[in-house]
Amino acid sequence: STYGKCVQKEYKDGHKCVPRIQVMAGMPRVIFAAHLAHELTHAFLWLRDFPQMPSELEEGICNSLEFMVLQRELSGIERLLALHSSGMYSSNTTTGGMGGS
């Protein structure tokens with residue numbers, strides 16, 4: 001994909017490995033994690049000898065895992081925002097009430 005790459009290698013004896021997974025740097029952690037999940041899914045399918053499938057199907061599977069990571073991360077952010085808006089969360093919560101004054 002544009003944001004990542006799963007390098008796959010197969011030796012003459014049939015042994016398979018994934019020597020490197022690359023994900024573009026500089027993006028927010030949540031987006032990075034989603035792209036990493038996508039590339040790790042490619043690696044999993046390759047290493048587990050899944051049957052050959054059309055590239056559109058493989059990309060769809062990888063995109064599904066990428067979406068699941070985004071969905072999980074965003075639900076955590078939504079919970080945090082709900083706590084903040086209800087007043088149950090404040091900046092003092094993270095510092096234990098020991099601000100800089």
Report summary line: Exactly one of N63, T41, L45 clears side-chain contact (heavy atoms from CB on, under 4.5 Å) with E58, and that residue is L45

Report summary line: On a heavy-atom basis, the closest approach of P19 and C17 is CD-O, 3.5 Å

Query - CD on Q8 to CD1 on I21, rounded to 0.5 Å - result: 9.0 Å

Query raised in the report: Okay, side chain of E39, backbone of C6: is any donor-acceptor separation there less than 3.5 Å?
Result: yes

Query - NZ/K16: more than 12 non-hydrogen atoms of other groups inside 6.0 Å - result: yes

Query raised in the report: Any side-chain heavy-atom pair from I31 and L70 closer than 4.5 angstrom?
Result: yes

Requested in this report: Work out which heavy atom in L65 is nearest to a heavy atom in A37; give both atom names and the distance.
Outcome: O-CB, 4.3 Å

Report task. Please answer: with hydrophobic residues joined when any side-chain heavy atoms are less than 4.5 Å apart, are L81 and L74 in the same cluster? Result -> yes

Query raised in the report: Do the side chains of L47 and L36 join up, straight or via other hydrophobic residues, at under 4.5 Å, putting them in one cluster?
Result: yes

Report task. May I ask you to check whether over 12 heavy atoms, not counting those of M24, lie within 6.0 Å of atom CE? Result -> yes

Query raised in the report: Do F32 and L40 sit in the same hydrophobic cluster, where Ile, Leu, Val, Met, Phe, Trp and Tyr count as joined when their side-chain heavy atoms come under 4.5 Å apart?
Result: yes

**Report entry** CZ on R79 to OG on S75, rounded to 0.5 Å
**Finding:** 4.5 Å

Report task. Just jot down the ring-ring contact (aromatic ring centres under 6.0 Å, His included) partners of F44, sequence neighbours excluded, or say none. Result -> F50

Query raised in the report: Do other residues, nucleotides or ligands put more than 12 heavy atoms under 6.0 Å from the CD atom of Q52?
Result: no

Requested in this report: Please list all pairs passing the side chain to side chain donor-acceptor pair (under 3.5 Å) test where one or both residues lie in residues 65-74, with sequence neighbours left out.
Outcome: R29-E73, H35-E66, H38-E66

